[in-house]
Each structure stands twice: as C-alpha cells, then as structure tokens.
**Q** 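Here it is: the structure, laid out below.
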Amino acid sequence: MATDRQITRIAPAGSCIPSALLVYAGLVFSAVMLALPFFWMALTSLKSSAAVAAYPPSWWPSEFTWSNYRDAWNAAPFGRYYINSVVTGAAATSLQIIFALLMAYAFAVIRFPGKGAILLAVISTMMIPDEMKLVPNYILLSRLHWVDTYWALIIPPAAHAFPVFVLYQYFRTVPPDLLDAAHVDGAGHLRILIQIIAPMARPVLAATALVAFLGRWNDFLWPLIVTNRTVMRTLPIGLNYLKENEGRWNILMAAAIYVIIPMIGLYVAAQRQFVEGITRGALKG
Amino acid sequence: MGRRTKQSWKRNRAEWLTFLAFVSPNLVLFALFTYWPIVYSAYLSFMDWNLLTARGAFVELANYRVVFTDPQIRTVIGNTLIYACAVVCVAQALAFALALLLNRNVRGQVFFRTLAFAPHVTTTAAAALVWVLLLDPDLGPSSVLYNALGIHGPHFLASSKLALWAIVSIGVWKEVGFASIFFLAGLQTLPRDCYEAAELETDSGWKVFRHLTLPLMSPVVFFLSVSGFIAAIKAFDVVSVMTQGGPVYPASSTYVYHLYRLAFQEFRAGDASAFAVVFFVITVAITGLQFRLARKWVHYGD
Amino acid sequence: MKKILHYHADHSRVIACAILCVTCVQCSSPRSEDPSGPVAITYWRTLSGAAGNAQDKLVAQFNDSQQAVRVTAEFQGSYTDLGKKLITASAAHTGPDVTQLGTYEILQFVRSGVLVDLKPFLDGPDGIDTSDWPGTMREAGEVDGGVYWLPFNVAAPVLYINTDAFKTASIAAAPKTWTEFFADTRALTTKDSSGRVQRAGTALWTDVWPYLSAIWSEGGELTSKDYSRITLNDPVAVRVLSEFQGLVRDGAAIVPDTASGGHRAAFKNGRAAMILDSPASFTDIFAQSAGFTPAVAAYPTGAAGTILAPGGGGLAMLAVTPENKRAAAWSFIRFLLAPQQLAFFAKESGYAAFTEASRKAAGDTLKEARFAVVHEALPHLKGDFSINMSPAVRESFSEAIQKILVDLADVNTALDAANAKAQQRIQNEIAKNKK
C-alpha cells in the first residue's frame, strides 16, 4: 500500500529490520500496558481468598477458584441489575437517538430564525457536569414522584447534545439536491427524515447509539441517588455494594468482570461500524 | 404580490411549526433537566444553604468571594488542568504514535484494536478498583519486582505527591487506545495521490508528516481533543472511587469533585453552586475558544 | 404546493401531541395509604453481608410480631452513600422514616432539623431502659439536650495477634498496655541479615479511629463536646503519635495502602504480627489468615485506664415522618434495641450485644473467646463522637495522622497545624449552625 510505504518514512531513518523491531517493541509495550489491568482483574478474580492476601502476590495462581464467580453472583442480585441496566439503557438510548434525529434534522434542514443560538444553547449543555444537576433534578423528580422508578433512569438522560451534534454535522453533508428532489415529489419533512435521511445515516446512528448506551451503562452517581430499592439498582451500583466487603478482592473483581464484559463485547463486535459512524458524523466540517 | 407574501408567510409558518415540533422533545427535556438546574444553581449561588434546612439565607456575592479566596482552589484548578492536559495532549500524542505504528500493516491488528477499545468502555468504577490493586506496592503485580530488588515500592495512593499521577495514568490509559483507533481510521483514508506528489518534492519523512499528514488529520485531532477535553475537565468518577481527593485533601482533587464535596461533605451547597456557575462559564469560554482557534488550523477535506 | 403544506401542518400537530404525551407523563398521585391498614414505615440501612442480612431478618421478625406496623428495609450502600442519599432526600423534603446513620452527619442533621428528638419516646411510657447501657453510650447521640441518635451496631476496637509470631519471639501474652504494645511491636519485628524487615510488629492504617482510643487511654483529650476547647496538639496526643511514628521509622510498623485494605492483608499474609482493628473483620481475618493461628486480644490500656472509641452506627428518626406515624416508627426502633433482638443481631453479625440485658439474652453463644474479648471491652466505651461530627476537626486530625505516619512529618508541627486549621474552620461551622 502506497500510504503505508509513505508513512513508514516518518520513523527515523535506519535499516529495515531494526525499525520493524522497534515497531513491534512499541506495539508489544503498548499492548502490555493496555492489557495489564484486565489481566490482573481476571487473575485476581480466580484466586482463592488466601492467595489474594498473599505477599508477594503470584502472577499465576496454583489453582483457579471458579467458584468466585458464583459467590459474586450470589452476593448481590446481579440478574436483576442486568435487567435494569439493559432495559433503562436501551430505553434511554432509543429516546436519545429519536429525539436527536429530529433535532439534528431540524437544525440542518429546516429554516428557522435564531437557529444558531438554539444550537449553541444545546451544544453548551455538554459542558455541564452531571454532579451540578444532581440536587435540582432530584427535587424535580421527587415532585413528580419518579424517584425509585424506571422513569428516573430513562427520562432525564433522554436528551443529550452529543448525538445531536454528530448527526447535525452529518446531515450538513447531505447534498441539498437530494432534499429538493424529495420536496418536489411532495414529501414532508418527517417523511424525508424517515424514508431518506435516517436510512442514509444508519452507521452514524449506530455509532451514536453505542456512545449513548455506554454512557447509560456506566453511569454511577445518578442511579445511586435516584434509586432506593435493590430491585431498581443498576450494575455499577451493585458493584459498589460489593466493595463494602473489604479484602474480598477476588469476589469484587469477578463482579467487575460481570459489569464490563457486555460493553467490551458490544464494542468489539461493532467497532468497525462505530469508528466509521463517528468519523462520518463528527469529522465532517 | 400580497398573495405571494401571504403564501410565503404561510409556508414559513408551516416550516417554523415543523422546526419547533422537531426540536421540542429535546428542548423540553433540556429545559427541565439541564437549564433548570443551571438557573437553580445560579439562584443557590447567592444563598447560604446546607441542603438540609427548609430554606437558605440570601448572602449576595459572599459565595463568589469564597470561590476566589478558597485556599484549596489553586490546587484543585491546577490538578484539573494537569489531568485535562494529560488526557488531551499526552494521551493523544501517544495515540497518534501508536496509530502510526499500527498503520504499518503489522500482524495482530485485530487483536490490538480489540485491546485498544477495552479501557475506554470499561466502567470507571470497575477500572478504578483494579487500579487501586495494581498500584498497591504490596498487593499489586509490581510487588514481585520490588521484592526482587529488595526495595519498598512507592505508595501511589497514600502519597500526596503521587496520588494525582495515579489518577492521571488511569485517564491516559482510558483514552490512548480509543484515540488511536480514530487516528488509525483517519490514516487509512488519507489520499495516496497526495503522498505520491509529496514524495517527488521532498525526501524528509518529517516534512511529509508535518505538512501533509498532520493537516489532513487535523479534523480527527480537533474532534478528539474537544470531546476529550470536555470529558476530562469534568473528571469526577476516578477521584471519587480512588482517592476522594486525598490522601491529604485536596492533593488529588479535581474541580468537579471539589464542588461535590463542598455540597455533600461540608454542607456548603451555596458555595458549591457558586463554584459550579464559575465552572460552567469557564468551560463554555474555553470550548468556544477551541472552536474559534480551530478555524485557523483544522482543514476539512472539502 | 398546498399538498406539502398540509403534510407539514399535519405532522407538526401529530408530533406536538406525541411530545405532550412524552413530557407530561402521568404525574401519579402520591401513594395513598389505607387509613385502616397497617402503618407503612420505610427503613434505610447500610452494612452488607451478614450484618445486612441480620437486619433484614429483624425487620421480618418485627413485621411478623404485630399487625399495626409494616416496615420495609431498603439497603442504601455504605455509610457515605447512605449519608449522601439522606442529604439529597432532605433537600427535596423527603426521605425514609427510620434510618441507620453513621456518626459523621449527626450534628449537621440535628442542627438543620432533619432528625426527630427521641428523648420523649425514650423516657415515655413505651421507652427504653438505658440504665444498663455501657459507659456513656446513651449520650453519644445527645445534642443540645435532645437525643437524636441511638447506638445500634456497636463495635469496640480489638487487637489481632499472630500467635505463632508471639511464640517465636518468646512473648507469653498479648500486650496489656500501650507501653507493652510499643515494646512488643519492636520485639516481634524480624529482620534478615541485610537488615530488611521480614515481618513487622504491626501494620498501621491512616484512620482516626485506632489512635483515638490510645490517646484517650493515656489521658489525652482532643476536643470538648461543644468544640469550645480544641486541643488536637494535646501533649498526650503528641507523645502517643510520636510513639507510633517511631515504630514506622524503625521499620517495626508498616503502613500499607489503606485504599486496598492493606493492613488487613498484611496481617493475613503474616507480614505484620499485630493489627488494631474492628471485630467486624472477624470472619474475614479468621478465614483468610494463611500459615499461622490468629487470635483476638483486648485493646491495650493506658495511664488513664481503658477508654475505647466505639465504632459502628446507630438509628435515627427523620423529621419528614408525619406526626401520626412517629409512634409506629418508634415501636420499630424500640424493637431493634430490645435485648432479644440485639442478641440476635450480635450472633448473626459479629457486632456487640452492647447492653447488659442483651448479653444475658445471648447466653452461651457469645462465650467464645473472641466474642468474650469484645464484650469485656464494652463497659469502657466512651460515647463521644465529637471528633467525627465536625468536618473541621475530623478532617484536620486525619490529615495530621496521614502526615505523621506516611510522610513522617514532625509530630509537633503536624498537630499544631491541624489544631490551628480546626480552630479556624470550626468558627465558620459554628456560625453556620447557629443560623
């Protein structure tokens, strides 16, 4: 590949073999640094209680204690946590994407006075830390009697500026001729959006949906504050509960793996589409 | 003529109504769950309230005076900037280098790309937990090394000098792989004809990189640095799980953790709100500046 | 053209309706209660594992024991998480009726009117006889003449010892006094030929709790209950903490990472021969100690006798509880603190059956050596949480401990600085509390 050959030049001049070696050394080093926490997490989750406290710790346990995973599962209602995380995450993500689709289309295509100012007001919401919204939102939710319900986990996060921004950037690259043609055919905005624009934007939609779902899945403080009963809790809160049992690092790490595996799986499976989608949306000026 | 104006007004009205209908689901939610909290925080920033009593007392600008005279504020802002710079600049420089390496048709790309994503999608609470263990000089993997060398390893989390760097390293770890995947995607779409032309003009790899690769990649750099900055400046979870700003507060505290702690640990919600308002103004300004500066150095292909 | 217009108009109307439906979701009416049915009480609790399950069992026992009150227990995570949730709920003027509560928030909550004064209930016809409560435990939750917090899950600090290490060092028994403790720590430390420490006498942690009892027992005092006299640099505190720092300097004590629960790990894997800790770790420590026999001994005593800082938490009633539900809420608190229930809780959880009557109720089950140690310690508990209750004092002092034990800062300087900081910040706190 031409590109490859060209970029090779960036490496300091030198004979081919040492430079290839350097490249692999760099890659192996990075791989080790990136993977070490996961390795240690998995390793610790398989150690026996005595091995966890051992000094110095072993890099390979003499026996694998698979029962840690069963103990972690029984230490808290993880089945329920999974259901809550998936249901509220999927619901909030769907709403985020639907609402962002409508808004981004409106910003990109429909004429409206003062559109720029509204867009700015929407984008600036990304600069607000969630911690700042905690108390006012809790008060509001408590007035609505939504505390400790799915509503609390779905509705407040249903509007997010990030998918709006990415989709808006993408829609601006749609050729105007295409829209005009559709208009002439007598299609209204909603029909254009549903039948023409949204299908075109599928990779971008998928990518923003992944980002949204990840955000919901990993959210910690808000679910902690607005849910009271164990049956309403999500996975990160469940993990936090196990932290209470100090010293049981093996159980804790097994639980951590329960929490992170679905997201890693999802992103690994969808990574090409994800990168392509974000690139198409966010990187076009 | 008159009929035409009327028609265009009608047309406009329909367009406007459609626009409003399209944006209103999000705007209503933003109004309730984002703008209202800002207004509420702005109101609280003039009050002395501990969140517990029925209502607070109006104290004019006293809370803002606290923001600018707080003895801890300098450390907290410094920490936040160090963290944000590390996550934006250091992590991205590393990520770019990594992407350049990966772009050389190396073996095991699929494996590597998988690995690169994992830190970014890992729940911060879980990541911070394993890092607590990793950095422990007695229970972590480095213990074996220290033991062999006969030295006692550094206590990252118990040291006021090192705790911040522990937090920074998690931030960098989470960002590097993720950014490198985007850089790699960018590198793989670079137009090869440009490179062929450049090859005729110069022999210096650095020049090609500086004047061709970098400008072509600038949209990626811009996107990653803006989104990375917005996330980094709000850093909270890592601090909350790992150090709670300690070991001697505010050695490893960030701005958002500081205001959270003021409200929930020191019962100073009024002060915390003033901190929040100042934070919002500053971040909007910085992000605005980034966008303005971007016009100078970001080159979009078309 | 007209057709398009119609399209637009129709859709905008449809969408507007949809939005109305989404945003104005049913504002369900507050859960109305059947006046003739049982009174519903919500109880927020902390503690996971055995101590958590034991509380759920107690709630079930209570619900089975009568028909008038129905209690629902809701687990809220750690003391810190629970505290944050209570603060947020208070901001919205809501919250549970009864809650378990750590000691950090008591003062602020009381001064802000979040908690109900339990004294009228305590001394009323359906009260609790507190005459057999040890030491000054009844006073622990006293603020401005009212009683707002009652101890429930009580722990006395204990000393864990590695009996094998004691045998090797030819030390016959666990240290009885702090002087002996410091001497034994040095004697238990073993070094190899190159001078590297193989086993330290003790592993310390950077929390206020273990050192508070030592300072009190040696006759020191760090603050008066009303904070009018703050003496974090009390000469006794300086002396005691200098002793601890000396152990660290000599390699006789190690200070592992507190974040990873390191001091416990150091004891379990044999790197430290003793630790000062809570009996709440009994199960963990006895199950996971490898290669030696662990035992529990009484906390050392000092020049002023044995004065122990209690650990654990207690119960409180929130002011959001409507007047007509308070009697029901009290009946639940009273149930949890009754001898039978405290005894049950102690057996299940490892916390102390802290009243004389509950100890009797527990009978032989608590005779086992390690439980006996805890129960012999109970009369020495000092129910004074003033250090915990003020963020100014608590944080200043714990910073000093960190500086002394980890950074090996000069003890006098560190405590003087902490004292100055606490005194300066307390003015602000008191001023705000008065409002």
Side-chain angles (χ1 to χ4, degrees), chain A residues 2-4 6-10 23 26-27 30-31 34-35 37-38 40-41 44 55-57 59 99 102-103 105-106 110-112 124-129 131-133 135-137 140 156 158-159 189 214 218 220 236 239-240 249 252 256 259-260 263-264 267-268 271 275 279 282-283 285, chain B residues 15-16 18-19 22-23 25-26 29-30 33-34 36-37 40-41 98 100-101 103-106 112-115 117-119 121-123 125-126 129-131 133-134 138-139 141 143-144 147 177 181 185 190 192 195 205 208-209 219-220 223 230 234 236-237 256 260 276 280 283-284 287 300:
Chain A
T3 333
D4 274 348
Q6 295 309 327
I7 291 162
T8 311
R9 298 174 144 280
I10 294 150
V23 169
L27 284 175
S30 324
L34 289 173
F38 295 106
W40 204 254
M41 195 185 267
T44 309
Y55 175 82
W59 275 72
F99 294 166
L102 288 169
M103 186 176 236
Y105 177 87
I110 307 175
R111 275 173 301 172
F112 191 78
S124 66
T125 60
M126 278 196 280
M127 263 69 87
I128 297 161
E131 293 72 25
M132 179 176 170
K133 304 189 265 185
V135 171
N137 280 349
L140 180 60
H189 283 302
L214 178 69
N218 287 345
F220 178 72
L239 178 63
N240 190 50
W249 280 102
L252 197 54
V259 179
I260 68 173
M263 277 305 109
I264 293 181
Y267 269 72
V268 166
Q271 59 152 304
V275 174
T279 313
L283 304 185
Chain B
E15 286 273 299
W16 291 0
T18 318
F19 179 89
F22 274 33
V23 297
N26 258 354
L29 288 175
F30 279 135
F33 299 111
T34 306
W36 159 242
Y40 190 80
S41 291
L98 196 58
L100 289 173
L101 293 181
N103 196 30
R104 298 169 53 135
N105 260 356
V106 289
F112 205 92
R113 294 168 64 114
T114 305
L115 199 57
F117 254 117
V121 301
T122 296
T123 313
L129 278 177
V130 73
W131 275 86
L133 205 52
L134 277 183
D138 302 322
L139 302 174
S143 171
V144 177
N147 211 34
I181 296 291
L190 292 183
R192 69 163 78 168
Y195 277 90
V208 176
F209 175 73
V220 187
F223 167 70
I230 291 175
K234 293 190 291 191
F236 171 84
D237 286 11
V256 173
Y260 175 80
F280 178 60
T283 35
V284 169
T287 316
Y300 289 103

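Chain identifiers are assigned alphabetically (A, B, ...) following the order of the sequence lines, protein sequences preceding nucleic acid strands; residue numbering begins at 1 within each chain. All values below were derived from every heavy atom in this structure, side-chain atoms included, with hydrogens, water molecules and symmetry-related copies excluded.
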**Q** Supply the atom-to-atom distance A:Ile128 CD1 to B:Phe33 CZ, rounded to the nearest 0.5 angstrom.
**A**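 If I round to the nearest 0.5 Å, the distance is 14.0 Å.
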**Q** Does any part of the side chain of B:Phe22, heavy atoms only, come nearer than 4.5 Å to the side chain of A:His189, both counted from C-beta?
**A** yes
**Q** Side chains of B:Leu133 and A:Thr44: closer than 4.5 Å at any heavy-atom pair?
**A**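 Yes. Closest side-chain heavy atoms under 4.5 Å.
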**Q** Would a 4.5 Å heavy-atom cut-off, applied to side chains only, mark B:Pro25 and A:Leu102 as touching?
**A** yes
**Q** Looking at chain A, which one of B:Tyr260, B:Phe19, B:Phe112, B:Tyr40 has the largest number of heavy-atom pairs inside 4.5 Å, strictly under?
**A**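 Of the options given, most contacts go to B:Phe19.
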**Q** Please classify the contact of A:Leu34 with chain B as side chain, backbone, both or neither, using a heavy-atom distance under 4.5 Å.
**A**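 Looking at A:Leu34, backbone and side chain both touch chain B.
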**Q** Quick check: closest heavy atoms across A:Ala31 and B:Leu115, and the distance to 0.1 Å?
**A**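 Closest pair (atom of A:Ala31, atom of B:Leu115, distance): O-CD2, 3.6 Å.
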**Q** Do A:Met127 and B:Ile230 have side chains that get closer than 4.5 Å, going by heavy atoms?
**A** yes
**Q** Need one label for A:Val275: side chain, backbone, both or neither, based on atoms under 4.5 Å from any heavy atom in chain B.
**A**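 Contact with chain B: backbone and side chain both.
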**Q** Sort A:Leu214 into side chain, backbone, both or neither according to what part of it lies under 4.5 angstrom from a heavy atom of chain B.
**A**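 The side chain, not the backbone.
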**Q** Is any side-chain heavy atom of B:Phe236 closer than 4.5 Å to a side-chain heavy atom of A:Pro129?
**A**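 Contact flag for B:Phe236/A:Pro129 side chains = no.
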**Q** I want to check something: taking the side chain as every heavy atom from C-beta on, are A:Leu239 and B:Leu129 in contact at a cut-off of under 4.5 Å?
**A**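 Of all side-chain heavy-atom pairs linking B:Leu129 with A:Leu239, at least one is under 4.5 Å.
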**Q** What pairs with A:Tyr267 under ring pair (Phe, Tyr, Trp, His ring centres under 6.0 Å), at least two apart in sequence or on another chain?
**A**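 Ring pair (Phe, Tyr, Trp, His ring centres under 6.0 Å) check on A:Tyr267 returns A:Phe274, B:Phe117.
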**Q** Measuring only between side-chain heavy atoms, which start at C-beta, is A:Phe38 closer than 4.5 Å to B:Thr122?
**A** yes
**Q** Are any of the side-chain heavy atoms of A:Leu27 and B:Leu98 separated by less than 4.5 Å?
**A** yes
**Q** Could you tell me which portion of B:Thr283 (side chain, backbone, both or neither) has an atom closer than 4.5 angstrom to a non-hydrogen atom of chain A?
**A** both
